[in-house]
Amino acid sequence: MLEEVERWLANRSWSAADRPLDQLLDRKRAAGTTVSVVLPALDEEATVGAIVEVVRRELIEGLPVPLVDELVVVDSGSADRTAEVAAKAGARVVHRDEILPRLPALPGKGEVLWRSLLATHGDIVCFVDADLRDFSAAFVSGIVGPLLTDPDVHFVKAMYDRPLGDTPGQGGRVTELVARPLLNLHWPQLAGFVQPLGGEYAVRRSLLERLPFPVGYGVELGLLVDALHTVGLDALAQVDVGVRLHRHQDGKALGRMAAAIYRTAQVRLSRGHLVRPELTQFERGPEGFVPRTYPVDTEERPPMAGIEEYALRRVA
């Protein structure tokens with residue numbers, strides 16, 4: 001590991017308990033900083049309501065000054081009751097297609113995160129996946145904390161244990177097989193991140209609006225790499241928030257995720273084009289193995305700062 005990364009681990013890796021909630025509220029009140037929490041959601045009726053309830057109860061309603069000013073669920077076309085459940089629990093629900101309607105929406109998580117910048121106003125934007133179980137408010141307060149207390153920090157990732165079923169530490173298979181090798185080989189300054197692909201991170205809006213967003217699974221790796229090049233390693237940090245329990249993808253879905261992440265890395269290494277942006281997988285049918293070909297995410301959205309509607313909103 002680079003000496004620079006060893007120093008970073010000592011100086012920019014914390015625990016959620018390092019910053020008590022009353023300290024964060026004092027800093028937030030003094031600075032007048034606003035915080036938006038965004039949950040990108042697709043068919044998450046089983047979990048999204050509980051997450052919203054915890055955030056509202058522990059970080060909005062039960063405090064003398066709310067830590068979270070805005071709680072938004074961006075629904076990307078759920079076929080279940082996600083939107084209804086989230087709204088009943090107290091979130092403001094916005095459909096992906098209602099944001100920036102002049103641009104037809106592309107499928108993918110990154111597309112939702114990018115559009116959420118137009119649907120929120122907070123100085124700090126905190127992203128939280130909507131499929132988490134046994135959710136703790138520390139997932140929000142922990143990663144928002146360094147941004148409220150240290151003006152030199154711009155981007156904070158959550159780190160946590162990821163059990164696979166009853167087996168501890170075996171979650172994050174795409175991280176270990178694809179993302180971590182890519183980062184260690186090509187961006188060794190980022191080798192200290194425990195969960196580089198984790199969906200829980202908080203970022204200053206002033207940075208997010210300057211970054212391109214891969215529209216699909218590559219968004220977490222893309223934002224992390226681009227943030228490194230934009231603000232430098234010392235502006236990045238991570239916070240231990242405990243254990244992350246969520247729904248796990250099957251092997252084929254992980255393969256598609258891995259392909260998108262590799263493609264995101266490849267674009268950042270060469271800014272070139274894939275010869276064949278597709279991934280073929282195999283399923284056994286009645287007469288043998290059948291190939292199934294899927295497109296690999298190849299689209300990216302430009303920095304939000306260059307979008308006319310966003311610029312006009314800021315002027316207004």
Side-chain angles (χ1 to χ4, degrees), residues 14-41 44-75 81-94 112-113 116-117 119-151 153 155-161 195 198-205 208 237-247:
W14 297 293
S15 167
D18 292 338
R19 293 173 175 81
L21 190 55
D22 57 352
Q23 177 190 4
L24 300 185
L25 295 178
D26 288 342
R27 295 295 184 90
K28 183 177 185 292
R29 184 189 297 112
T33 305
T34 53
V35 177
S36 298
V37 172
V38 173
L39 278 68
E44 303 294 357
E45 68 175 5
T47 51
V48 68
I51 298 172
V52 170
E53 288 173 358
V54 169
V55 174
R56 289 201 61 84
R57 182 176 66 247
E58 300 187 27
L59 300 179
I60 298 178
E61 296 171 347
L63 301 173
V65 177
L67 183 70
V68 173
D69 300 279
E70 190 174 36
L71 176 55
V72 179
V73 171
V74 182
D75 185 8
R81 298 172 55 249
T82 291
E84 177 185 345
V85 170
K88 185 176 181 180
R92 175 164 66 90
V93 179
V94 183
V112 175
L113 301 186
S116 76
L117 296 184
T120 57
H121 296 83
D123 303 311
I124 295 169
V125 183
C126 176
F127 298 121
V128 176
D129 281 350
D131 67 342
L132 303 188
R133 295 183 285 110
D134 297 335
F135 178 76
S136 165
F139 272 76
V140 172
S141 60
I143 58 178
V144 167
L147 298 170
L148 293 173
T149 60
D150 190 337
V153 175
F155 189 119
V156 183
K157 296 279 291 190
M159 57 177 168
Y160 33 68
D161 295 317
Q195 297 292 352
E200 290 68 49
Y201 46 104
V203 193
R204 297 192 190 279
R205 177 177 293 271
L208 278 176
Q238 61 184 350
V239 173
D240 188 350
V241 297
V243 179
R244 184 185 198 266
L245 301 176
H246 66 113
R247 181 185 68 250

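All residue numbers refer to positions in the sequence shown, counting from 1.
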Q: Verify side chain to side chain contact (heavy atoms under 4.5 Å, CB included) between Leu148 and Ile124, making sure each step is shown before the conclusion.
A: CA-CA 9 Å; Leu148 293 173; Ile124 295 169; 3.8 Å; yes
Q: Would you confirm whether Glu200, through its side chain, and Asp129, through its main-chain N or O, come within 3.5 Å as a donor-acceptor pair?
A: yes
(Q) Looking at Thr120 and Gly122, would you say the former's side chain and the latter's main chain have a donor-acceptor pair under 3.5 Å? (A) no
Q. For Phe135 and Val128, what are the C-alpha separation, side-chain angles and deciding distance, and is it a side chain to side chain contact (heavy atoms under 4.5 Å, CB included)?
A. CA-CA 10 Å; Phe135 178 76; Val128 176; 3.8 Å; yes
Q) Between the side chains of Asp123 and Thr34, does any donor sit under 3.5 Å from an acceptor? A) yes
Q: Kindly give the heavy-atom pair with the smallest separation between Val153 and Ala237, and that separation in Å.
A: CG1-CB, 4.1 Å
Q: Could you tell me the separation between the CG atom of Leu25 and the CG atom of Leu59, rounded to the nearest 0.5 Å?
A: 9.0 Å
Q: Say whether, by atom type as modelled, one donor and one acceptor occur between the side chain of Thr47 and the main chain of Ala130 under 3.5 angstrom.
A: yes
Q | Interatomic distance, Ser136 atom OG to Ile51 atom CD1 [nearest 0.5 angstrom] | A | 11.5 Å
Q) Is the side chain of Asp18 donor-acceptor paired with the backbone N or O of Ser15 at a distance under 3.5 Å, no angle test? A) yes
**Q.** Asp150 bridged to Arg19 by N-O distance under 4.0 Å
**A.** no
Q.
Would you compute the distance between atom NZ of Lys157 and atom CD1 of Ile143 and round it to the nearest 0.5 angstrom?
A. 9.0 Å
Q) Hey, does the side chain of Arg81 reach the backbone of Ala46 with a donor-acceptor pair shorter than 3.5 angstrom? A) no
(Q) For the residue pair Arg27 / Thr33, report whether a side-chain donor-acceptor contact shorter than 3.5 Å exists. (A) no
Q: Mind checking the CG-CG spacing from Leu63 to Asp22? Nearest 0.5 Å is all I need.
A: 10.5 Å
Q: Mark yes or no for whether Arg244, through its side chain, and Tyr160, through its backbone, hold a donor-acceptor pair below 3.5 Å.
A: no
Q.
As an exercise, state the distance from CD of Glu58 to CG of Leu67, rounded to the nearest 0.5 Å.
A. 11.5 Å
